[in-house]
Structures are given as C-alpha cells and as structure tokens.
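These notes concern the structure reproduced below.
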Amino acid sequence: MATSNVLAGARVVLPTGTVDGGRLIVEGTRIAGASAEDAPVMDLSGHWLVPGFVDLHNHGGGGASFTSGTAEEVLRGVHTHRLHGTTTVVASTVTGEMDVLAQRAGLLSELAEQGDIAGIHFEGPFISPCRKGAHSEELLRDPDPAEVRKLIDAARGRAKMVTLATELPGGIDSVRLLAEHGVIAAIGHTDATYEQTVEAIDAGATVATHLFNAMPTLGHRTPGPIAALLEDERVTVELINDGTHLHPAALQLAFHHAGAGRVAFITDAMDAAGFGDGRYLLGPLEVEVSEGVARLVEGGSIAGSTLTLDRAFERAVTVDGLPVEDAVAALSANPARLLGVYDQVGSLEPGKDADLVVLDAEFTLKGVMRKGEWVVDPQLG
C-alpha cells in the first residue's frame with residue numbers, strides 16, 4: 001500500500017482559489033482525497049503550496065544543452081530546473097542542419113518516452129532571418145511542410161511545438177500540417193504583418209513564442225504581430241519574466257489584453273541557467289553570460305536566458321504585483337493545458353501527480369516535490 005503524507009498549514013493555491021491553513025494529502029506518487037489516520041504530518045505554516053511549474057520553452061541548464069548534450073547531460077539540465085520548481089519541462093532545440101535536428105529528436109524522444117521530459121519544441125530553423133536572434137542565419141530555411149513533417153516524424157509522437165515565421169513561403173501550409181498532427185504551431189522569430197499573423201492564427205497557430213521578443217514592435221499604424229496575438233482568444237502568449245527581456249509595463253500590457261488565462265511564463269533558458277557566468281555555445285553560436293545576462297559574442301543579441309521559473313514566480317508577485325493565483329496559472333495550469341497534460345499536472349487536485357512547490361512568505365523556493373518524492377526537502381533547507 002502506498003504511503004500517505006499530509007502537508008498541513010500552508011496557503012494552498014487550488015483551481016478554485018487559495019485556502020489558508022490548507023491540507024494536501026500525498027499518497028505514493030499522487031495527490032489523494034483522504035489519508036490514513038496515522039499518516040505523518042508536515043507543518044508548512046507560514047508557507048505557500050503551489051503546483052509544480054511547467055516550462056514550455058527551455059534549451060538547457062546546469063551547464064548542459066538540450067540541443068547538443070548527451071542524454072546524461074540533458075538529464076542534468078532537467079534536474080537543475082527541477083531544483084528550481086520546474087517539475088515538467090519541454091526540451092527546446094535551436095536552429096541546426098535538418099539531419100542533425102532529426103537525430104536530436106530521436107535522442108530527446110527516448111527521454112520523453114521515459115518520462116524525463118514532456119516532449120520536444122523545435123525553435124528554428126523555419127524562422128525569419130530578419131528576426132533570427134541567437135540563431136545561425138546560414139542554417140535558416142523556409143518552412144517547407146515536407147521538412148516540418150520530417151522533424152515531427154523523427155520525434156516519434158513526442159513533438160509538442162514548432163516555432164515558425166509563418167509569413168515565409170510554406171508557413172501557412174506548415175501550420176495546417178502541425179495542427180493536423182496535434183503539434184502546437186507557435187508564431188515567433190517573425191517579421192509578419194498584422195494581417196499575416198491573423199491568417200496564421202486562422203490556420204491553426206495557437207502560441208506566441210516569447211511575445212515582444214524577435215518580432216516587430218507594436219505600432220499605431222502598423223500594429224504587426226503583437227496586436228494580433230494579444231487580441232485573439234485562441235492564442236497563448238509566452239513571456240520571459242526575467243527583468244531583461246521585458247519591461248514590466250510590457251508584461252502588464254500582455255496580462256491586461258490576454259488575461260491571466262492566456263499567458264505562459266517560460267524560461268527560454270540556455271546552459272548557464274543555474275550554473276553561472278562564462279562562455280557557452282548555443283547551437284553553433286558562442287554566447288557570453290555576464291551578470292546572468294546571455295548575449296551573443298558576435299553582435300550582442302540576447303541569447304536565451306539564465307532564468308529559472310522560481311525566479312519568474314517571485315518577480316511576478318513581488319515586482320510585477322500579480323495576484324499569486326495569476327502567477328500560478330501562468331506557470332502551471334496554462335502551459336499544462338497547452339501540452340494536453342492538465343489531467344496529470346498543473347494543479348493541486350486529487351488524482352493528479354504529486355508535483356508541487358513550497359514557497360516561504362517572501363515567495364522564495366523552499367521545497368519541490370515531483371511524483372511524491374522530495375527533490376528539495378523543505379525540512380532540510
């Protein structure tokens with residue numbers, strides 16, 4: 001029989017609201033509805049209890065790259081993010097040769113089949129050279145549906161999302177192909193107009209890859225993709241809440257127009273997340289990380305982030321002034337729904353995986369549980 005444990009006294013954030021002095025029962029790997037009378041009780045008074053974080057867009061951490069690392073290195077990166085509360089992570093790649101990306105998809109799909117990652121996100125090579133960011137321009141290509149199909153086939157059913165510049169030749173047909181195969185089509189690294197973005201959404205695109213970044217700015221005569229992505233209820237917008245990628249006013253604009261139900265906080269993390277400053281490679285490009293900010297050595301473009309989702313949560317509540325419940329939606333429920341795994345993770349409800357995060361009164365991470373096992377034990381500090 002599975003062992004029952006009771007977590008008591010915390011402010012528990014549930015889909016229906018926050019319960020002060022709540023009790024959460026864990027039985028084995030799952031959240032349970034009732035416990036044995038002699039179940040041990042952990043007192044979490046003065047703390048918050050929230051669902052484990054779900055990261056849709058993450059390139060690595062702990063000195064390890066999801067794009068180029070060995071399976072062991074990928075697992076090290078996954079573990080690094082678990083230490084910061086991310087109990088569900090999608091592994092993102094960057095632009096590369098098609099054969100290399102297909103080979104990479106094979107390795108990552110094995111880790112997805114084992115339950116170590118939640119799937120694969122291909123960011124590039126089907127993006128605009130005008131908005132390439134930290135992607136190698138010579139490796140970019142138009143989104144030919146046949147090549148898009150090659151990648152999703154290589155992922156053996158584990159492809160979760162593909163970022164596209166949908167205004168490029170083949171972009172709309174590729175969006176339709178992805179939608180037909182149950183893969184999220186994300187608009188990003190794009191130079192699209194407002195009208196072209198609307199066309200892509202109508203074709204089936206449902207995510208804005210790191211909204212505001214790597215796309216035309218919002219203009220009053222040429223509103224561009226930002227306005228189209230914010231106004232359409234079918235679209236979830238990714239935000240990198242690290243204080244570098246977005247001004248707080250831009251974040252507030254996104255929440256005001258999209259609403260808390262259509263925002264997903266992501267890290268867009270690269271190898272240096274949870275590891276430190278220094279020189280790294282992001283795909284074939286060299287990156288310098290200084291004071292936690294990653295930029296390309298050549299050209300100085302921002303190159304992903306060193307963010308972890310516990311920091312994104314803390315900043316959302318303490319700096320941006322978001323209600324805790326809205327931060328929980330952006331970090332857990334919304335991305336879980338997008339990935340189609342909300343029946344398993346994303347909220348603290350009986351029957352779901354016992355994935356949870358313990359935060360103190362100042363919203364600093366103190367504990368992480370994944371599938372009923374403490375990754376960070378709040379009693380050990």
Side-chain angles (χ1 to χ4, degrees), residues 56-60 66-67 90-98 101 120-145 147-148 151 159-175 178 183-194 196-201 203-218 222 224-230 235-240 242 244-246 250 254 264 266-270 282-285 287 294-296 298-305:
L56 287 170
H57 185 157
N58 186 320
H59 298 279
F66 296 159
T67 295
V90 172
S92 302
T93 63
V94 297
T95 294
E97 297 282 1
M98 287 296 296
L101 288 172
I120 307 165
H121 163 218
F122 296 102
E123 187 181 24
F126 311 114
I127 61 175
S128 172
C130 301
R131 305 287 173 175
K132 65 183 184 296
H135 291 255
S136 179
E137 184 168 355
E138 59 267 25
L139 296 176
L140 300 182
R141 56 184 61 218
D142 291 338
D144 180 348
E147 294 197 318
V148 174
L151 288 187
K160 289 293 185 179
M161 183 162 65
V162 178
T163 292
L164 307 154
T166 53
E167 76 279 7
L168 296 176
I172 297 301
D173 286 340
S174 293
V175 169
L178 292 167
V183 179
I184 297 165
I187 300 173
H189 289 274
T190 178
D191 204 39
T193 64
Y194 173 89
Q196 288 170 328
T197 306
V198 169
E199 182 184 10
I201 296 168
T206 56
V207 166
T209 293
H210 43 56
L211 186 75
F212 300 109
N213 296 114
M215 60 182 62
T217 57
L218 182 66
T222 53
I226 293 172
L229 293 163
L230 281 176
V235 176
T236 297
V237 298
E238 295 180 348
L239 299 178
I240 308 171
D242 61 354
T244 298
H245 281 78
L246 295 177
I266 60 163
T267 60
D268 194 17
M270 45 84 71
L282 185 59
L285 303 179
V287 176
R295 294 186 179 275
L296 290 182
E298 185 175 341
S301 176
I302 293 177
S305 84

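Both backbone and side-chain heavy atoms feed into the values below; hydrogens, waters and symmetry mates do not.
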Can you check side-chain contact (heavy atoms from CB on, under 4.5 Å) on I201 and L229, steps first, answer last? CA-CA 8 Å; I201 296 168; L229 293 163; 4.2 Å; yes

Short side-chain to backbone donor-acceptor contact, T95 and L140, under 3.5 Å: no

Partner residues of D142 under the salt bridge (charged side-chain N to carboxylate O under 4.0 Å, His left out) criterion, sequence neighbours left out: none

When rounded to the nearest 0.5 Å, the distance separating CZ of R141 from CD of E97 is 7.0 Å

Within 6.0 angstrom of E298 CD, more than 12 heavy atoms from elsewhere: no

Under the salt bridge (charged side-chain N to carboxylate O under 4.0 Å, His left out) test, residues paired with D242 that sit two or more places apart: none

Which residues satisfy the side-chain hydrogen bond (donor to acceptor under 3.5 Å, both in side chains) test with N213, sequence neighbours excluded? none

From CD1 (I266) to OG (S305), nearest 0.5 Å: 8.0 Å

Side chain to side chain contact (heavy atoms under 4.5 Å, CB included) involving I184 - partner list, sequence neighbours excluded: M161, T206, V207, L338

Residues that R295 engages under side-chain hydrogen bond (donor to acceptor under 3.5 Å, both in side chains), provided they are two or more places apart: none

So do P216 and R131 actually touch side chain to side chain, heavy atoms under 4.5 Å? yes

Tell me every residue that passes side chain to side chain contact (heavy atoms under 4.5 Å, CB included) with V175, counting only those two or more places apart in sequence or in another chain. L164, T166, A185, A203, A205

Interatomic distance, CZ@F212 vs CG@L218, rounded to 0.5 Å, equals 7.5 Å

Which pair of non-hydrogen atoms, one from A186 and one from T209, has the smallest distance, and what is that distance? CB-OG1, 3.3 Å

According to side chain to side chain contact (heavy atoms under 4.5 Å, CB included), who are the partners of T190, at least two apart in sequence or on a separate chain? A165, E167, I187, A192, M215, P225

With L296, which residues qualify under side chain to side chain contact (heavy atoms under 4.5 Å, CB included), at least two apart? A134, L285, V287, S301, A303

Does N58 form a side-chain contact (heavy atoms from CB on, under 4.5 Å) with F66? I'd like the steps, not just the answer. CA-CA 8 Å; N58 186 320; F66 296 159; 3.3 Å; yes

Please determine whether side-chain contact (heavy atoms from CB on, under 4.5 Å) holds for the pair F126 and L151, giving the CA-CA distance in whole Å, both sets of side-chain angles, and the decisive distance to 0.1 Å. CA-CA 11 Å; F126 311 114; L151 288 187; 3.8 Å; yes

Rounded at 0.5 Å granularity, tell me how far CD1 in I127 sits from CG in L139. 10.5 Å

Minimal heavy-atom distance between A264 and L56, with the atoms involved, is CB-CD1, 3.9 Å

Could you go through the side-chain contact (heavy atoms from CB on, under 4.5 Å) check for T93 and L101 one step at a time? CA-CA 8 Å; T93 63; L101 288 172; 4.0 Å; yes

Can you list everything that forms a ring pair (Phe, Tyr, Trp, His ring centres under 6.0 Å) with H135? Sequence neighbours excluded, please. H189

Please enumerate all residues that pass salt bridge (charged side-chain N to carboxylate O under 4.0 Å, His left out) together with E137, with sequence neighbours excluded. K132

Side chains of L211 and L230 in contact at under 4.5 Å (non-hydrogen atoms): yes

Partner set under side-chain hydrogen bond (donor to acceptor under 3.5 Å, both in side chains) for E199, not counting sequence neighbours: none

Can you name the side-chain hydrogen bond (donor to acceptor under 3.5 Å, both in side chains) partners of T222, sequence neighbours left out? none

NE2/H121 to OG1/T163 distance, rounded to the nearest 0.5 angstrom? 3.0 Å

Are the aromatic ring centres of H57 and H210 under 6.0 angstrom apart? yes

Looking only at heavy atoms, which two atoms of S174 and P143 are closest? And how far apart? OG-O, 2.6 Å

